[in-house]
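The structure appears right after this line, and notes come after that.
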Amino acid sequence: MNEMTPPKTERTAALKGLGSARKRVEDARFTQGKGNYVDDIKLPGMLFGDFVRSPYAHARIKSIDAEKAKALPGVIAVLTAADLAPLKLHWMPTLAGDVQMVLADGKVLFQGQEVAFVVAENRYIAADAVELVEVDYEELPVVVDPFKAEAPDAPVLREDLAGKSEGAHGPRRHHNHIFTWEQGDRDATEKVLASADVVAEEMVYYHRTHPCPLETCGCVASMDKVNGKLTVWGTFQAPHAVRTVASLISGIAEHNIRIISPDIGGGFGNKVGVYPGYICSIVASIVTGVPVKWVEDRMENLMATAFARDYWMKGKISATKDGRITGLWCHVTADHGAFDACADPTKFPAGFFNICTGSYDIPVAYLAVDGVYTNKAPGGVAYRCSFRVTEAAYFIERMIEVLAIRLGMDSAELRAKNFIRKDQFPYHSALGWEYDSGDYHTAWDKALKAVDYEGLRREQAQRLEDFKAGKTRKLIGIGLTHFTEIVGAGPVKNCDILGLGMFDSCEIRIHPTGSAIARLGTISQGQGHATTFAQILASEIGIPADDITVEEGDTDTAPYGLGTYGSRSTPVAGAATAMAGRKIRAKAQMIAAYLLEVHDDDVEWDIDRFAVKGAPERFKTMKEIAFAAYNQAIPGIEPGLEAVSYYDPPNMTYPFGAYICVMEIDVDTGEHEIRQFYALDDCGTRINPMIIEGQVHGGATEGYAIAMGQEIAYDEMGNVKTATLMDFFLPTAWETPHYTTDFTVTPSPHHPIGAKGVGESPNVGSVPAFSNAVHDAFRAFGLTQTHMPHDHWRIWRTAHELGLHG
Ligand code: PCD
Ligand SMILES: [Cu+]
């Protein structure tokens, strides 16, 4: 037996556990067109729903006449607010404690708002019928500028809130004001700013944009009236939360609701919230007794489902003459659109924006965020960053650059001078967070060395000389970023959504022959959970990842969890997976000891087996133990080998990274070329390096889009100017830069395997890196701040305004 045992390295490799670049198991299905998305679900007798949407940004609805639509053959029903009102479903709660119209109730508040829901035999008839619904609108004055929203004579947007001086997050001071959220020490900060050597002040705008996943939002609702069971397949990032909310608002008992998230074609935060389409489909299925499908088209997705950002961030940062930061002050005007439907934990109306002190040891800080209503689509989703973290990182990384200009200092040096030092962790930030671990200086030095930072600066200086001498029309910009993320919401004591604590879960069943199924409360939208969670388990329980099925997204089978967003799956459900695995191992240890006829304490774990201490040739593999668990009566031990863990993380995790972008800018055309993009990420223990690299490529490409062209723009009438992919920039392989990825490993001290999230980091880190590169190219000509997106026209205009066109 002894000679048969393969060496440890071989046994470890066979598991394809932690650290292995295991190929994604889900790709066999996706690359062969065998994915199962919402639109692939086709049930007998299924009907189709489609929306009549408002062409106006603000208008009163005088009447809705659906007679012609109803007369069209194949049309089954047309629902309006009047039909939903008796069921109390014409309004719904939002994730942020506000309420939102499901169908327009007396007025519309943004272009594209849902006015009526047509149900027909197929999609085409439904679309034709939408055209036949006659709505009589009376236009009202429109507010698109958040700074004008609070003018004394600004039009009243939310008539339903008339006279309400208290909102979900405290007092309201104006009819278009939602909340004010304050953090930090105002007096101390203002005192420091008043007496500082240097204060840099700037308005930093992070424009309105949109996650725009390849698959739009949709669902199929099926009410089985015989059994009283409602099943809803949908593009849900949080299936259990949807079930609870659906039960609370419909009155259907929760055990009679089954929510299934099938394959999801990208979520990026767009699929966290609850949309009118879900409610209308459910109601339509209850009314008609047959399944109803609703899938929005691209324009509807861009125009009406949750936007991201739209933060006007006014900042002041102070420092000593030699560049030691002494204080940070920030005021945000947050444009929330018509309803506050931000997807943030309840107690955080501005998400985790108070991570805006970034990677720096800033002694005092103050932050205030004012949320206001405007005539724009609601939302405020993460879009690949944990709750307003990309806004915060963009803000501080711009402020550092602005301060460097004021100090006449190199910004790489300014950063290094102010980083939180390794020995300061766990670090308490001035705005209230406890950073778990970090080693910023090591990452920074590695990054600067990798790109030959000094060499780049020399080249840039030479180019500038050549430019001034008329030898070239191209400038070089070097964009630096050192970001700190906060992911893994999150301790139940601080974080809940609609009262549901943000823990997560994993349930494992080991089958008699030694293979297993693990079910989680999260749901992959492309991240590769079926691949990576099996790897965590493989290392914990010694069963090859290839023998472990990972299943998510069906509330009838998965343990309760809060879903996947905010890079919380690895920090929370990943921890639950490791903990459930450890429970399995603890029981396996007792079984092994019994089989080996020794005391429990006399066996020790060895990769895929328990062996007798001091006698490694006497062992029981996990496979043998699993079989014994089902076929032997072991005194004092229940049959079977299963475990479940619900994990409430003690803290969030704080991944970080150093990103550097080298850009060439053509001053005459405004065109840019990304010459080099270097991304160093530290997400603690790395589960699957190949998946991490893919996450970084994807996230940095989204960041590229955001920084360099993507935006949801409105005209002064509240018309969305960018509701098609002709106008909304989505990079293809042609525009996408080449990325170099790198890493350091600083494990999270509180996570069972030391892992931090990584999915969002590349967005958080890349947006400021791209933007800083544009700014840096023009630094020598006096540019301190210009707003994103840096499309060709805006870059050209910057060059023009700086007098570079002669
Ligand atoms: N250390 C570590 C970490 C991590 N990982 C991996 O990686 C991934 C990720 O993770 P995370 O970070 O934890 O995250 P999640 O939770 O899972 O997810 C979420 C994210 O994710 C990202 N990514 C992605 N991808 C894809 N493909 N798709 C999608 O959709 C998406 N999305 C995005 C987003 S946006 Mo939000 O929702 O906004 O809040 S949030 C988000 C997975 O698989 C995992 O396992 C590893 O490996 N390692
Ligand atoms: Cu975010």
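Note that ligands are numbered from 1 as they come in the structure, with each ligand's atoms numbered from 1 the same way. Predicted, not measured: the structure shown is a model, and the values here were computed from it. Because only heavy atoms are used, hydrogens play no part in the values below, and waters and symmetry mates are left out as well, while side chains stay in.
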Requested in this report: Report yes if some N/O of Val272 lies less than 3.5 Å from some N/O of ligand 1; otherwise report no.
Outcome: no
Requested in this report: Would you check the N or O atoms of Ile687, main chain and side chain alike, for any that come under 3.5 Å of an N or O of ligand 1?
Outcome: yes
Report summary line: Near Gly757 (heavy-atom distance under 4.0 Å), the atoms of ligand 1 are 12 (O)
Query raised in the report: Could you give the distance from CD (Glu296) to OG1 (Thr216), rounded to the nearest 0.5 Å?
Result: 4.5 Å
Query raised in the report: With backbone taken as N, CA, C and O and side chain as the heavy atoms from C-beta onward, which portion of Gln695 lies under 4.0 Å from ligand 1: side chain, backbone, both, or neither?
Result: side chain
Query raised in the report: Can you list the ligand 1 atoms lying under 4.0 Å from a non-hydrogen atom of Gln237?
Result: 37 (O)
Query raised in the report: Can you name the salt bridge (Lys or Arg N to Asp or Glu O under 4.0 Å) partners of Asp39, sequence neighbours left out?
Result: Lys293
**Report entry** Contact check: Thr564 vs ligand 1, nitrogen or oxygen atoms, below 3.5 angstrom
**Finding:** no
Report task. Could you tell me the separation between the NZ atom of Lys23 and the NZ atom of Lys16, rounded to the nearest 0.5 Å? Result -> 9.5 Å
Report task. For Gly684 and ligand 1, answer yes if some heavy atom of the residue is under 4.0 Å from a ligand atom, otherwise no. Result -> no
Query raised in the report: Any heavy atom of Gly266 sitting closer than 4.0 Å to ligand 1?
Result: yes
Report summary line: Closest to atom 13 (O) of ligand 1 (heavy atoms only, candidates Ile692, Thr570, Val745) is Thr570
Query - Numbered atoms and elements of ligand 1 in range of Thr532, under 4.0 angstrom, heavy atoms - result: 43 (O), 44 (C), 45 (O)
Report task. Measure the acute angle between the ring planes of Phe395 and Phe353, then classify it against the limits of 30° and 60° as parallel, tilted or perpendicular. Result -> tilted
Query raised in the report: Distance only, no hydrogens: is a donor on one side chain within 3.5 Å (strictly under) of an acceptor on the other, for Asn270 and Tyr383?
Result: no
Report task. List in chain and number order the residues that pass side chain to side chain donor-acceptor pair (under 3.5 Å) with Glu397, two or more places apart in sequence or in another chain; answer none if no residue qualifies. Result -> Tyr360, Arg415
Requested in this report: Please state whether the rings of Tyr278 and Phe236 are parallel, tilted or perpendicular, taking 30° and 60° as the class boundaries.
Outcome: perpendicular
Query raised in the report: Going by the order shown, which atoms of ligand 1 are within less than 4.0 Å of some heavy atom of Gly566?
Result: 36 (Mo), 39 (O), 40 (S)
Query raised in the report: Are Phe656 and Tyr440 near enough that their ring centres are under 6.0 Å apart?
Result: yes
Query raised in the report: Looking at ligand 1, does any of its N/O atoms fall within less than 3.5 Å of an N/O of Ala755?
Result: no
Query raised in the report: Does Phe307 have its ring centroid less than 6.0 Å away from the ring centroid of His210?
Result: no
Requested in this report: Examine Tyr646 together with Phe503 and report whether their ring centres are nearer than 6.0 Å.
Outcome: yes
Query raised in the report: Which of the atoms of ligand 1 are close to Ala382, meaning less than 4.0 Å from one of its heavy atoms?
Result: 38 (O), 39 (O)
Report task. With heavy atoms of Ile691 as the reference, note each atom of ligand 1 found under 4.0 Å away. Result -> 6 (C), 7 (O), 43 (O)
Requested in this report: Under 4.0 Å from a heavy atom of Thr685: give me the atoms of ligand 1 that qualify, with their elements.
Outcome: 1 (N), 2 (C)
Query raised in the report: Are any of the N or O atoms of Gly267 closer than 3.5 Å to those of ligand 1?
Result: yes
Query raised in the report: Glu760 to ligand 1: N or O pair under 3.5 Å?
Result: yes
Report task. With heavy atoms of Tyr383 as the reference, note each atom of ligand 1 found under 4.0 Å away. Result -> 38 (O)
Query raised in the report: Using heavy atoms and a threshold below 4.0 Å, how should the contact between Phe387 and ligand 1 be classified: side chain, backbone, both, or neither?
Result: neither
Query raised in the report: Are any of the N/O atoms in Ser386 less than 3.5 Å from those in ligand 1?
Result: no
Query raised in the report: Are the aromatic rings of Phe179 and His336 close, with centres under 6.0 Å apart?
Result: yes
**Report entry** Donor-acceptor side-chain pairing of Thr390 and Tyr206 below 3.5 angstrom
**Finding:** yes
